[in-house]
Amino acid sequence: MEKLEAALAKAREMRRAALGAPEVVREKVTPAGAPSIDAWTSLPEVTLTPGKALRHRITALAGNKDATPYDMLRSRTIRLMKEKGWTRLAITSPGAACGKTTVALNLALSLSRQKDLKVMLIDLDLRRPSLHRAFGHLPGRSMHEVLDGSAAFEDVAVRMGDNLVLAMNSTAASHPAELLQSVGTREVLDVIERRWQPDIMLFDMSPMLATDDNVGFLANVDCALLIAAAESTTLSNIDLCEKELAQLTNVLGVVLNKCRYPDDSVGYSYGGYT
Ligand SMILES: Nc1ncnc2c1ncn2[C@@H]1O[C@H](COP(=O)(O)OP(=O)(O)O)[C@@H](O)[C@H]1O
Ligand SMILES: [Mg+2]
């Protein structure tokens, strides 16, 4: 672990020295009017039963010690994002099954335990959408239909409590790369942000190495977290993806998931935090 962290830090340092720190600027949407909390509470509510949470490794639901790693990630993420005035965070990984959806949902739940934060989690892994599985909730319409203009956000969005909104997919999109890179997607996200005024929008994305889905889309976010799976993601793939991600947006850090510690059942750690 320490070797991996040191190697990552070194690679990052060398890259910075060679390229200079990338700065991605996204046009900011000026919120119009007061926060529409009524709109949030009028959405249908979904629940996460303790049994489902356990099965899907959702440990951040209650604020007990199992939530600690996600609470730490939450605090660092929100501090950095507030400092920079950022609201949109993408969660991606080099390959499939590194734990993007697991981390995204846990992070969203941890953030939403701060009742003064309005949090939105949007499933944009449009090839293998999976956020709905943890809830056993199959939305009538999918988030990809909101992006292509054929469904309203209200017909897809659900809430947990008063300050967490989730937008899921029940089907895969037919042309995810084109859709995610489209002007229409950018405009729809701007309208959602303007109308619903979340403090933070989390995007559960597809993996970076398998497709080009994220390439055009990442201009729509302020920053990203890269989730790597200890023992299955190679160091060279972490480095390659971190490098590519850094060309597209601001990299908040690499989360090393699925670590096996004898006394740590959460199996989760930071692989560097810039
Ligand atoms: N820290 C972890 N330790 C063990 N298994 C995990 C961990 N995080 C996620 N998983 C499991 O790995 C699988 C893939 O996780 P998922 O979040 O769906 O990945 P992705 O969204 O990157 O495809 C799931 O079965 C999930 O329960
Ligand atoms: Mg996923």
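Counting starts at 1 for both ligands and their atoms, following the listed order.
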Next item on the list: May I ask you to identify, for Lys100, whether its side chain, its backbone, both or neither come under 4.0 Å of ligand 1 on a heavy-atom basis?
Entry: both
Note to self: A side-chain contact here means heavy atoms from C-beta on lying under 4.5 Å apart; do Val165 and Leu121 qualify?
What the structure shows: no
Notebook entry, point to check: Which of the atoms of ligand 1 are close to Asn257, meaning less than 4.0 Å from one of its heavy atoms?
Noted result: 1 (N), 2 (C), 7 (C), 8 (N), 9 (C)
Next item on the list: Ignoring hydrogens and angles, state whether a donor on the side chain of Asp71 or Ser110 is under 3.5 Å from an acceptor on the partner side chain.
Entry: yes
Notebook entry, point to check: Among Arg133, Met205, Lys258, whose heavy atom sits nearest atom 11 (C) of ligand 1?
Noted result: Lys258
Note to self: Considering Arg55, Arg260, Arg57 one by one, which has a heavy atom nearer to atom 4 (C) of ligand 1 than any of the others?
What the structure shows: Arg57
Checklist line | Close-contact set for ligand 1 against Thr101 heavy atoms, below 4.0 Å | finding: 17 (O), 21 (O)
Checklist line | Backbone or side-chain N or O of Gly99 under 3.5 Å from ligand 1 N or O | finding: yes
Item checked: ligand 1 N/O within reach of Ala97 N/O, cut-off under 3.5 Å -> yes
Notebook entry, point to check: Is any N or O atom of Thr102, backbone or side chain, closer than 3.5 Å to an N or O atom of ligand 1?
Noted result: yes
Notebook entry, point to check: Using 4.0 Å as the upper bound for N to carboxylate O, is an ion pair formed by Asp199 and Lys82?
Noted result: no
Check: Which atom pair, heavy atoms only, marks the closest approach of Glu145 to Arg141?
Finding: OE2-NH2, 3.1 Å
Next item on the list: Would you check if there is a donor-acceptor pair between the side chains of Asp204 and Thr101 at a distance under 3.5 Å?
Entry: yes
Note to self: Below 2.8 Å, can you find an N, O or S atom of Thr101 next to the Mg ion (ligand 2)?
What the structure shows: yes
Next item on the list: May I ask you to check whether Thr92 and Asn214 show a side-chain donor-acceptor distance below 3.5 Å?
Entry: yes
Checklist line | Atom of Thr233, atom of Cys98 and distance for their closest heavy-atom approach | finding: OG1-SG, 3.6 Å
